[in-house]
Amino acid sequence: MILTDVQIEGFRRFASPVRLDGLGPGLNVLAAPNEAGKSTLLTALKAVLMVRSSSKAKPVKDLQPYGGGAPHVALSFTWKGMECHLEKQFLSKAFTRLILGPERFEGDQAEEALRALLGLEEASKGEATGLWSALLVGQGESFVQPDLNQTGQDSLRGCLEQGVEQVTGGAAASAVLNRVRERLYLLQTAKNAQPTGKYKHALEQEAQAQALLRELENRRVALEEDLVALDQARRALREQEDPDRKAQDEAELLALRQQRDALRIADAEEQAARAALATATQTLNSIRDEQERRRERQAAHRRLERESAEMQHDLQALTQRTAQARQRYEASRTRREQAEQQQQAARQALLTISRRAAVLQQQGALEREKQILARAEAACTHLEQARAALAALRVDEAVIRRVRKAVREMDAAQAALNARATRLTVTLLPEASGRVLLDGAACPQGDMVLTQAAELRIEGIGQVRITPAVKDQEEAQATADAARHQLQSVMQAAGCQTVEEAERLFEERRQAETRVAEARAAFVASLPAARDDRDTALFEALAAMRQDMRDRMASLARELEACTPDGGRPEQADQTDAALQQMQTTARQEEDSAARAADEARQAERAEHVSLSAAQGLQDKAEAALRQKQAEREQIGRELAVRAAQESDDALAERAAGAVQTQAQAEAHSQRLRAGREAEQPLSVVEARIARREQALDNGRASVVRLREEIRERETRVRVAEGDGLDEKIAEAGRAAARLRLECEGYERERAALALLDQTLSDAEKTQTERYLAPLVRTMQPAFSAVFPGASLEMDTGFALSGLTRRTAEEFGRLSDGTREQIAVLVRLGFAELLHARQSPAILVLDDALSFSDSQRLESMFDVLADAATRFQILVLTCHAEAFARLGGRALALRPIPQITERR
C-alpha cells in the first residue's frame with residue numbers, strides 16, 4: 001500500500017484545504033517547525049482509516065477547527081497495482097466513499113470494505129482497532145512498545161500462522177476458551193477483572209448495607225462523644241467567663257500600651273536627628289560637587305581658546321586652495337559648453353533629417369493606437385453604467401449585518417421573556433362564552449403566555465388577578481421593547497419594510513458588485529499602459545491616452561506639413577527621399593565627431609569639479625569645526641558667568657565651611673540619642689507583646705461564643721439521637737448485611753472457578769503461541785542486529801519485547817529512554833514487515849520519533865528505516881530538520897489548495 005495523495009479541510013488547525021505534496025514509494029520525510037500541523041496530519045490519517053464518518057462521539061467533535069466546520073479528509077493510494085481512493089466527511093453531511101480499482105463502495109458498505117482491507121474490527125463509538133493502531137505512531141507514543149488488543153494480536157497470529165506448517169490448538173480449544181470467557185465476563189470485566197453484572201450489583205448492595213451499618217454505629221459513638229464533650233464544654237465556659245481573670249488581663253494590656261507610646265516618641269526624635277544629619281551631609285556633598293564642576297569648566301575654557309587659534313590658521317590656507325580650484329573649474333566648464341553647443345547643432349541637423357524619414361512609420365502606429373483607445377473608452381462607459389446601477393442599491397454588507405443582528409437580538413429578548421413567563425390554559429363550556437373576561441375582553445380559549453399582570457373576571461363569581469412570577473419582569477420587557485425598536489430603526493434607515501426585502505436588495509447588490517468587478521477587470525485589461533489598478537490611476541491613464549492621441553495627431557499633422565515638399569508632386573518626394581538618406585549619413589558622422597569632442601570636454605570638467613569639491617569639502621569641514629569650537633568656548637564662558645553671578649567662589653567656599661560644622665553638630669546629636677536608648681526595650685518587642693495580649697483577649701471572647709454555640713448544638717443532637725431508636729436500626733442493618741455477604745460469596749466462588757479454568761486454557765494457548773513466536777523474532781532480528789550488534793531478542797506471548805541479551809540479559813524497563821524508544825520503533829517495523837510479507841496493506845508513520853537518540857544510534861536507525869522503505873512506505877514527521885537531513889527520502893510539504901478534489 002502506497003499513499004500518493006492526502007488532502008485535508010476543516011480539521012483542527014486546517015480550517016482551509018491543504019494537500020501533502022511529494023508523496024511516493026519508499027521513505028517520505030515532512031520536516032516542519034512546531035505547530036505546523038504534523039500531529040494534526042497524523043490524527044487525520046487515523047480518523048479516515050479507523051473512525052466511521054457517522055460517529056458523533058466527543059473525540060470526533062474535537063476534530064473540528066475553531067469556529068466549527070465539517071472535518072473532510074481524502075486519501076489516494078495504490079494497492080496491488082490498483083489506483084484506490086478513500087474519502088470521508090464527519091459530522092455535517094457525513095459520508096464515506098471508497099474506490100478499489102473497478103469496485104466502488106459508499107456509506108456503511110465502504111466502512112466494512114475498508115475494515116476488511118486493513119484487518120480492523122469495531123471497538124466502540126464508531127472507532128475500529130487492530131494492528132494498524134501500532135503502525136500510526138503519534139507524538140510521545142514512540143517511547144513505549146505497542147499495546148496490542150485482541151484484534152491486533154489475532155492479526156499477528158494470522159501472519160505467523162502462514163509461515164508455520166502445523167499449528168496446534170485448533171478451533172475447538174479456542175471455542176471452549178471463548179465460552180468460558182463469555183461466562184466469566186458476566187461476572188467480571190475483561191480488561192482489569194473488576195466485578196460486573198449480578199456480582200457487581202450484589203457487591204454494591206452489600207457495600208450499601210455495610211455503609212448503613214457503619215453509619216448507624218458511628219451515630220451511636222457520636223452520641224456518646226457528644227455527652228462527654230457537652231460536660232467538658234460547660235466547664236470550659238465557666239472558666240472563660242471568670243471576671244477576675246479578665247480584669248487582670250486588661251490591666252496588663254493598658255501598661256504595655258503606655259510603654260509603647262513612650263517608645264514611639266523616642267523613635268520619632270531619633271528619626272528626626274537622622275534626617276537632619278542626612279540633610280547636612282547631602283548639602284555638603286552638593287557644595288563640593290559644584291566646586292569641582294567649576295574647576296573642570298575653567299580648564300576646558302582655556303583648552304578651547306588654544307585649539308580655536310590653531311584651527312583659524314589652518315582655515316586660511318584651505319580658503320586660498322579652494323579659490324584656485326574654482327578658477328580652473330570655471331575654465332573647463334566654458335570649454336565644455338562650447339563643445340556641447342557644437343554637438344547640439346549637429347544632433348539637431350540629424351534629427352531634422354531623421355524626422356522626415358519617421359513620419360510615415362508614425363502614421364501606421366497612430367492608427368493602431370486609435371483602435372486601442374476606442375476599446376478603452378467603451379470599457380470605461382460600461383464600468384460607469386455598472387457603478388451607477390450599484391450606487392442605486394442602498395443595502396450593503398454593513399446594513400444587512402445590522403439588520404441580522406437586530407433580528408437576532410429581538411428574537412433572543414422575546415424568547416427570554418417568553419421562557420420565564422406564566423402560561424395560562426383556558427377551557428370554557430359553550431354556555432360560558434362571553435361570561436369570562438380577560439383584561440376587559442372576551443377570554444380566548446387555549447394556551448396563553450402572560451408576561452404582564454392580567455385580570456380574569458368571571459360573571460356572577462368574581463375576579464382573579466394573575467401576576468406572572470417573572471424575575472426582573474420590567475427589565476426583560478424593556479429589553480424586548482428596545483430590541484423591537486432597534487429593529488424598526490435599522491429597517492427604517494435601510495429603507496426597507498421587511499427583513500425579506502432587505503435580504504433581496506442585498507442579494508441584488510452582490511450581483512451588481514459582481515457586474516462592476518467584471519466591467520472593471522475589462523477596463524483594466526484595455527489599458528496596457530496603466531501601472532496601478534486604482535480608479536484614479538485608471539481614469540488618469542485613459543485621459544492621458546486621449547490627450548496623447550490628440551497631441552500626436554496634431555504633431556503628426558505638423559510633421560506632415562513640414563515634411564511635404566513644395567507642390568507635393570510624387571517625383572519630387574522620391575528625389576527628396578534619396579537625398580535625405582545621403583544627408584542623414586553625413587549628418588550622423590558629423591554628430592559622432594561632435595559627441596566625442598563634447599565627452600572629452602565633460603570628462604575634463606568632471607575632473608576639475610572633483611578637485612573643487614574636495615577643496616571645498618576640506619574648507620567646509622574646517623569652518624564647521626572652528627564654529628563648533630568657538631560655540632563650545634562661548635557656552636562654557638556663559639555657564640561660568642551665570643554660576644559666578646548666582647554665587648561667587650568665595651561665597652561658595654564659606655558656605656562649604658558652614659555645612660561641615662552643621663554636619664558635625666547633627667552627628668553629635670544623633671549619637672547622644674542612640675546612647676540614651678541603649679537600655680530601653682525595642683519597640684517591636686513591646687508591640688508584639690501587646691498584639692499577643694490583644695489576640696489572647698479576642699480568642700477568649702471568640703471561645704466563649706464558640707463554646708455556647710457548641711453546647712447548643714450538642715444538646716440538640718443528644719435530644720434527636722435519644723428519640724431515633726438506634727439499637728433497633730443497628731440490629732436490622734446487621735441482618736441485611738449478613739444475607740448479602742452470603743450471596744456475594746456464592747458469586748465469588750463461581751468467578752474463582754471460571755477464572756481458574758480461563759487461566760488453565762490460556763496457559764495452554766500461550767504454550768502453543770510460543771511455538772510460532774520464532775518467525776516474528778527472525779523477522780525483527782536483522783534490524784535489531786544493525787542497531788544493537790550481537791543482541792538477541794526475547795518476546796512474550798503478548799508480542800512485546802520482554803528483554804534484550806547483550807552479554808547479559810537486560811529487562812526492557814531498566815533500559816534508557818533513548819534505547820526504549822529505538823526498540824519500540826524497531827518492534828513496529830517488525831509488525832509492518834510481517835504485514836508486507838503476508839501481502840496485506842502496510843505503511844509506517846512516525847511523528848517526532850527518535851528525539852532521544854545520539855548521533856551514532858540515529859545513523860544506524862536511519863539505515864534500518866531506509867532499508868525497510870525499499871519494501872513498504874514509511875512517513876517520518878519531524879521538527880528537527882537539521883538532524884533528519886541525513887535521512888534522505890522524499891521531501892514533503894503542506895500546501896494550501898483552493899478545494900479538495902472529490903472523485904465521483
Side-chain angles (χ1 to χ4, degrees), residues 1-6 18-43 45 77 134-146 779-791 793 801 804 806 812 815-833 835-836 842-895:
M1 178 178 180
I2 299 175
L3 294 179
T4 58
D5 188 36
V6 179
V18 296
R19 166 179 282 138
L20 183 61
D21 278 351
L23 277 169
L27 191 59
N28 297 259
V29 181
L30 174 59
N34 291 327
E35 298 185 358
K38 303 185 297 298
S39 298
T40 302
L41 172 65
L42 179 57
T43 304
L45 286 175
F77 59 94
L135 302 182
L136 304 179
V137 187
Q139 196 173 55
E141 296 176 1
S142 60
F143 290 96
V144 295
Q145 297 190 63
T779 301
M780 295 182 177
Q781 188 64 53
F784 270 86
S785 298
V787 181
F788 307 101
L793 316 180
L801 187 73
L804 193 69
R806 296 180 293 184
F812 179 79
L815 299 173
S816 67
D817 289 345
T819 302
R820 287 203 302 270
E821 184 182 28
Q822 296 149 17
I823 290 175
V825 172
L826 292 175
V827 169
R828 289 174 167 88
L829 270 174
F831 292 167
E833 292 277 12
L835 285 177
H836 174 71
I843 63 172
L844 179 64
V845 183
L846 301 174
D847 184 9
D848 267 341
L850 305 177
S851 56
F852 282 84
S853 299
D854 59 48
S855 58
Q856 183 176 356
R857 284 278 181 85
L858 195 59
E859 287 292 336
S860 300
M861 290 298 298
F862 286 172
D863 293 339
V864 171
L865 290 173
D867 176 64
T870 61
R871 295 179 289 279
F872 54 87
Q873 190 181 41
I874 298 177
L875 273 68
V876 177
L877 315 178
T878 180
C879 60
H880 303 286
E882 296 82 3
F884 278 74
R886 301 190 303 275
L887 177 59
R890 299 174 183 270
L892 307 182
L894 289 166
R895 308 287 188 195

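For Ser853, the side-chain hydrogen bond (donor to acceptor under 3.5 Å, both in side chains) partners at least two apart in sequence or on another chain are Gln822. Evaluation of the side-chain contact (heavy atoms from CB on, under 4.5 Å) rule for Arg871 yields Glu833, His836, Asp867, Ala868 as partners, not counting sequence neighbours. Checked against side-chain contact (heavy atoms from CB on, under 4.5 Å), Val18 has the following partners two or more places apart in sequence or in another chain: Ile8, Phe14. With sequence neighbours left out, Arg19 forms a salt bridge (charged side-chain N to carboxylate O under 4.0 Å, His left out) with Asp5. Residues forming a side-chain contact (heavy atoms from CB on, under 4.5 Å) with Ala893 (at least two apart in sequence, or on another chain): Arg895.
The shortest heavy-atom contact between Leu865 and Ile874 is O-CD1, 3.6 Å. What you find for Gln139 and Ser39 is that their closest heavy atoms are OE1-OG, 3.9 Å. Nearest heavy atoms, Ala881 versus Ala31: CB-CB, 3.9 Å. Closest heavy-atom contact between Leu23 and Leu892: N-CD2, 3.6 Å. Among all heavy-atom pairs drawn from Leu42 and Leu136, the shortest one is CD1-CB, 4.0 Å. Of all heavy-atom pairs spanning Val825 and Ala849, the tightest one is CG2-CB, 4.4 Å.
Side-chain atoms of Arg828 come within 3.5 Å of backbone atoms of Ala134 as a donor-acceptor pair (strictly under, hydrogens ignored). Checked by atom type and distance alone, the side chain of Ser860 pairs as donor or acceptor with a backbone atom of Gln856 at under 3.5 Å.
In this structure, CG in Leu844 is found 4.5 Å from CG in Leu846, a value given to the nearest 0.5 Å. Rounding to the nearest 0.5 angstrom, the gap separating the CG atom in Leu887 from the OG1 atom in Thr878 is 9.0 Å.
Identified under the salt bridge (Lys or Arg N to Asp or Glu O under 4.0 Å) test for residues 846-859, with sequence neighbours left out: Glu859-Arg886.
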